[in-house]
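Since the structure is predicted, the reported quantities are computational estimates derived from the model, not experimental observations.
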Amino acid sequence: MGFQANNPWALLLILPLLIYVWWMSRMTLRLRGGRKLISIVTRTTILLLLIAIMANIQPFIEREQRKVVFVADRSASMRADTRMGEWIKEAWASKEQEDFGGIVSSGLNAAVERSLTQHLFENEQSFSFRANINQQYTDLSQGLQLAAAMLQKDGGGRIVLLSDGSENAGDARRQARLLKNAGIAVDVVQMESEVVKDASIEELNVPASLKQGETFSFEIVVNSTAAGPAQLRLYADNAELSVSDIQLEKGENRFALQSLAAEPGFHRFRAEIFVSGDEQQANNTAHAFSRVNGPPAVLIVEGVRGSSANIEAALQASLIRFETIIPEQLSVELTEYAAYDSIILNNVSATRIAEKPMQWMAKAVSDYGVGLMMLGGDESFGLGGYFKTPIERALPVHMDLQGKKQIPSLGLVLVIDRSGSMSGGKLELAKEAAMRTIELLRDTDTVGVVAFDSSPWWVVEPTQLKDREAILTKIKGIQPEGGTEIFTALRAGYEGLKELDAQRKHMIMLTDGQSSTTANYKAVTDAMNEENMTLSTVAVGDGADQQLLKRLADDAKGRYYFTKDQSTLPAIFSRETVMMSRTYIVEQTFTPSIGQAGDWSSHWRNGLPAINAYIATSPKETAEIALWTPDGDPLLARWPYGSGRTVAWTSDLMGKWSSQWVQWPELPSVFVDWVKWTFPQFERAPYSISTQMTGNEAKLSVRSLAEGDIADSGLSAGIQDQEGNHEIKRLMPVAPGEYEAKLNVSEPGVYLAQIGQKSDDSSIQNGSTAGFVIPYSPEYRIANEDGPALLEQIAATTGGRIIDLSEPEQAYQFNPLPSKQIYDWTRSLLISALLLWLLDIAVRRLSIPWERMISLIKRPFHAKTYSVLKETKMTSERSASYSALSRLKERKTEANRFYGSSVSNQNSTESRPVPRSEPAPSTGKEVIPEKSVKGPSAVTSEAAKDATINRLLAAKNKNRR
């Protein structure tokens with residue numbers, strides 16, 4: 001037996017206790033004697049008891065025993081209660097007498113079947129598990145944790161885990177690390193579940209969002225323990241869709257069944273498998289849901305009216321709604337573009353798209369998942385002036401040729417009006433257009449910039465683009481002032497362009513006003529024609545001399561542009577720069593080569609029609625090129641851009657460059673697949689919902705998709721199950737725009753959630769509907785690939801063993817562990833301290849005559865003893881008196897003999913009886929009696945002497961008492 005102090009630092013309080021005891025002995029003046037001693041001892045004992053409690057001093061007995069807790073996995077996947085019970089009994093039979101054992105049942109939760117005892121199966125012929133646990137899930141950590149608590153309470157031991165290792169809840173690995181730190185080893189026994197004939201639907205996958213009229217596929221994964229025929233049934237909203245007879249193989253089987261999204265709204269789908277002799281019915285059903293929106297809507301923007309007939313026919317055949325407009329009808333509101341699922345630009349020039357619509361189309365793609373497709377033509381891609389525009393950034397191709405094509409050397413002069421009427425945004429956009437043109441040119445090209453008001457001024461003398469930054473800096477320095485004189489500026493540009501050495505020479509003039517003088521413009525344009533120069537003019541606003549500018553462009557064989565939207569100026573300049581070279585249009589007949597076609601590859605199985613021409617572009621680094629041209633240019637490319645997807649088709653679909661494609665019977669379905677690929681990949685709803693299962697509890701996570709959303713504590717979710725039962729859960733904010741709620745679910749299926757504010761009548765007002773699926777418990781899945789690995793890892797982590805199922809006796813074959821049987825006497829110490837405290841109060845505060853109390857207590861015990869002592873004393877005194885009388889008689893006889901008394905008198909005296917009286921007290925001196933006369937008088941005298949002696953003895957005895 002020993003003692004242990006769990007908080008030994010508290011023993012340091014003994015030092016101040018000693019000082020306190022010394023102080024009490026010196027300073028407690030009111031108490032004296034025994035009371036003071038009792039008080040000091042009592043208080044010292046109380047304080048020692050309190051220190052022992054604080055130090056948690058506990059007595060213990062050391063023993064060496066084997067303690068084993070058997071953790072039995074009784075989840076539904078096991079089906080081995082009888083085998084586990086028999087195995088545990090066989091293991092128990094091999095233990096020694098002093099060993100202990102206990103049993104824990106484990107499922108989703110854990111419960112104690114038998115606590116640690118030395119009589120685990122006493123007087124039991126058979127054992128059966130009786131603890132009530134949730135068998136729908138396997139959480140081995142619960143059983144290990146409970147077993148560890150039992151062992152730690154009784155000084156440690158080992159755990160024997162009987163399981164198949166098919167964990168689907170909790171974290172047994174983490175619990176194993178905790179057991180390692182606690183010094184508890186876990187031995188594992190691999191218990192294979194009983195093999196039964198079973199087929200289960202492991203997965204049912206359906207697109208989360210569909211469009212009305214869209215064709216989609218059910219992807220079904222079926223797992224089976226045996227091969228054989230089966231029947232697969234599909235249901236939509238409890239209405240039977242199809243019944244298919246299938247052939248199952250042992251293991252995993254995959255099936256795909258097609259269907260049509262006919263009706264808009266939320267739809268629940270269910271798949272059921274039927275196999276003859278199936279012994280497990282709980283895993284025969286899988287659920288899914290999808291939201292079918294109204295027919296998808298596509299916006300077609302065509303550069304030439306009536307040129308989209310082929311596109312419209314293909315969309316109409318697939319029940320896809322569409323709207324066809326010209327570029328000038330594009331809205332300046334972002335919400336208008338977000339209402340469409342995809343936007344098609346059919347041979348549209350960027351010069352006809354204002355700045356805001358171009359920005360909103362790109363933002364609708366990146367932020368709202370709207371699709372974008374650009375179709376080729378002589379007004380599209382680089383020829384359409386899309387260089388460095390928001391739409392170019394969204395498409396999977398670059399508008400410039402990235403050095404792949406040998407463009408003829410170019411000489412370009414920009415003539416820009418800088419008069420006072422150009423102040424504000426006009427001149428700034430004109431400078432932006434000029435700088436974009438500079439960036440689009442090559443280093444071998446030559447450029448000059450003339451700014452004019454009442455007179456021309458060479459901002460940049462004609463020079464090659466060796467130092468672009470210097471040229472751009474000079475262009476930025478143009479400031480508005482003065483009037484407008486067009487002729488002198490035109491002639492200055494012609495003179496500068498005439499001196500250039502370039503294969504192609506071109507001039508671009510931009511103004512918003514009218515010339516202050518009239519002159520012979522025809523002479524200048526004729527001279528330009530003789531020098532093979534071209535002139536394009538740009539009229540900005542209604543105040544420009546449109547007739548003059550149009551006549552100049554026509555006479556110089558250039559192009560005339562009129563725009564009221566100054567934001568299109570950069571696109572016009574870019575288009576003009578590209579139009580200087582016809583090398584962007586590649587005219588040759590070829591059959592495209594297949595690249596990374598992905599899911600489109602099925603359309604190319606039977607070959608592809610030929611292409612006659614296309615617009616040359618450069619693919620972006622991460623773009624997916626589905627079809628290539630012989631020159632290595634992309635013909636069909638796609639890529640994701642932000643939240644959306646975009647497609648580029650660099651030929652046309654009007655028949656001018658792709659006559660064989662237009663006549664191809666597969667084109668409508670192929671084109672529709674291109675368009676569908678660009679459709680939004682997420683549901684554009686205010687909230688997204690996800691669930692995470694932990695046992696039979698689901699955590700519902702709701703995330704707001706609105707930008708800048710803050711936590712709303714009043715948000716609730718109305719949950720509706722398949723039976724129509726409705727429950728409202730309050731959503732707790734956990735982060736800005738994120739909410740959570742706990743759900744207790746008992747049945748698998750599709751649940752609908754309506755997110756919004758809870759009204760007074762316990763309904764959700766103006767809510768947004770979403771769905772989530774609760775599958776059947778993973779306990780019923782057939783595959784268990786990770787089970788043995790998990791058990792081995794638990795044993796390795798804790799330092800345990802892997803026990804063979806056929807050797808249950810190994811459970812107790814380990815060295816006994818020294819253990820301490822600890823007795824907790826804290827309660828007893830507290831009670832003792834309390835009683836001593838009451839005694840201390842009584843000793844110090846109550847004035848009690850303690851000596852008198854002691855005598856009163858002793859009197860009953862001393863009375864009997866006193867009477868015995870008294871009788872003994874009287875007997876002793878009588879014996880002493882008789883001895884004294886005998887000595888006195890002897891002296892008297894000697895005195896009579898000395899005085900000559902007669903023999904007769906002596907005889908008569910001796911024969912006279914002696915009175916039975918106590919002798920008289922002695923005076924300390926020997927008295928010699930006088931000589932008496934013989935005869936009657938002498939006898940009388942002797943009698944008187946005897947009487948006197950008796951009185952003296954009686955008086956002495958009385959005094960002694």
Side-chain angles (χ1 to χ4, degrees), residues 66-97 99-151 153-154 157-170 172 186-198 279-283 695-696 777 779-780 784 787 791 794 803-813:
R66 296 178 182 86
K67 296 178 181 178
V68 175
V69 175
F70 299 93
V71 178
D73 179 3
R74 295 180 54 214
S75 59
S77 65
M78 288 291 295
R79 297 185 291 271
D81 283 8
T82 303
R83 286 189 294 141
M84 287 190 295
E86 294 175 353
W87 196 94
I88 294 174
K89 288 198 69 174
E90 292 179 12
W92 180 256
S94 64
K95 79 172 189 69
E96 297 182 3
Q97 185 175 0
D99 293 339
F100 282 73
I103 303 176
V104 169
S105 288
S106 178
L108 176 62
N109 58 322
V112 177
E113 292 278 357
R114 302 287 174 88
S115 59
L116 276 173
T117 178
Q118 291 179 320
H119 309 286
L120 194 61
F121 299 108
E122 187 175 10
N123 299 325
E124 287 190 36
Q125 297 297 327
S126 62
F127 170 74
S128 61
F129 294 95
R130 294 184 175 87
N132 185 19
I133 60 171
N134 188 338
Q135 298 181 321
Q136 302 299 312
Y137 300 88
T138 300
D139 187 354
L140 298 179
S141 63
Q142 293 290 327
L144 295 176
Q145 183 179 5
L146 181 57
M150 296 170 59
L151 291 174
K153 179 181 178 182
D154 291 319
R158 299 176 75 93
I159 298 174
V160 175
L161 174 62
L162 296 91
S163 173
D164 61 354
S166 180
E167 182 186 46
N168 46 60
V186 180
D187 300 330
V188 298
V189 181
Q190 174 73 32
M191 300 287 295
E192 295 291 345
S193 58
E194 295 181 0
V195 178
V196 297
K197 187 176 183 180
D198 186 18
E279 299 181 42
Q280 179 59 268
Q281 305 293 328
N283 55 10
N696 63 343
S777 170
E779 191 68 27
Y780 299 110
N784 181 25
L791 295 179
I794 292 174
I803 299 178
D804 191 86
L805 185 63
S806 62
E807 299 178 348
E809 65 277 2
Q810 289 188 6
Y812 279 93
Q813 291 181 1

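Looking at Arg79 and Gln135, their side chains never come closer than 4.5 Å, going by heavy atoms from C-beta outward.
The minimum heavy-atom distance linking Asp139 with Gly170 is given by the pair OD1-CA, 3.3 Å. For the pair Val68 and Tyr812, the tightest heavy-atom approach, listed with the atom from each and the gap, is CG2-CE2, 3.7 Å. Across every non-hydrogen atom of Ile103 and Phe129, the tightest pair is CG2-CE2, 3.9 Å. In terms of heavy-atom proximity, Glu167 sits nearest to Ser141 at OE2-N, 4.4 Å. Here the closest non-hydrogen pair linking Ala811 and Val160 is CB-CG2, 4.3 Å. Ala148 approaches Ile159 most closely through the heavy-atom pair N-CD1, 3.9 Å.
Between the Asn168 side chain and the Thr138 main chain, a donor and an acceptor come within less than 3.5 Å of each other. Between the side chain of Tyr780 and the backbone N or O of Gln136 there is no donor-acceptor pair closer than 3.5 Å.
Between the CD atom in Gln145 and the CG atom in Leu140 there is a gap of 12.5 Å [rounded to 0.5 Å]. Note that CD of Gln813 is 9.0 Å distant from CZ of Arg66, once rounded to the nearest 0.5 Å. To the nearest 0.5 Å, atoms CE (Met191) and CE (Met84) are separated by 6.0 Å. Note: Glu86 CD to Asp81 CG = 11.0 Å, rounded to the nearest 0.5 Å. The distance from the OG atom of Ser105 to the CZ atom of Arg130 is 11.0 Å, given to the nearest 0.5 Å. Atoms CG and CG, on Leu151 and Leu116 in that order, are 5.5 Å from each other to the nearest 0.5 Å.
Scored by the side-chain contact (heavy atoms from CB on, under 4.5 Å) test, Leu146 finds Val104, Ala110, Val112 as partners (sequence neighbours excluded). By the salt bridge (charged side-chain N to carboxylate O under 4.0 Å, His left out) test, Arg158 is found to be paired with Asp187, residues two or more places apart in sequence or in another chain being considered. Partners of Ala149 under the side-chain contact (heavy atoms from CB on, under 4.5 Å) rule, at least two apart in sequence or in another chain, do not exist in this structure.
Between Arg74 and Glu113 there is a salt bridge, with a side-chain nitrogen of the basic residue lying less than 4.0 Å from a carboxylate oxygen of the acidic one.
Relative to the ring axis of Trp92, Lys89 does not place its NZ or CZ within 45° and under 6.0 Å from the centre.
Enclosure of atom CG in Asp804 by more than 12 non-hydrogen atoms of other residues, nucleotides or ligands within 6.0 angstrom is indicated.
Side-chain N/O atoms of Ser166 and Asp164 include no donor and acceptor closer than 3.5 Å.
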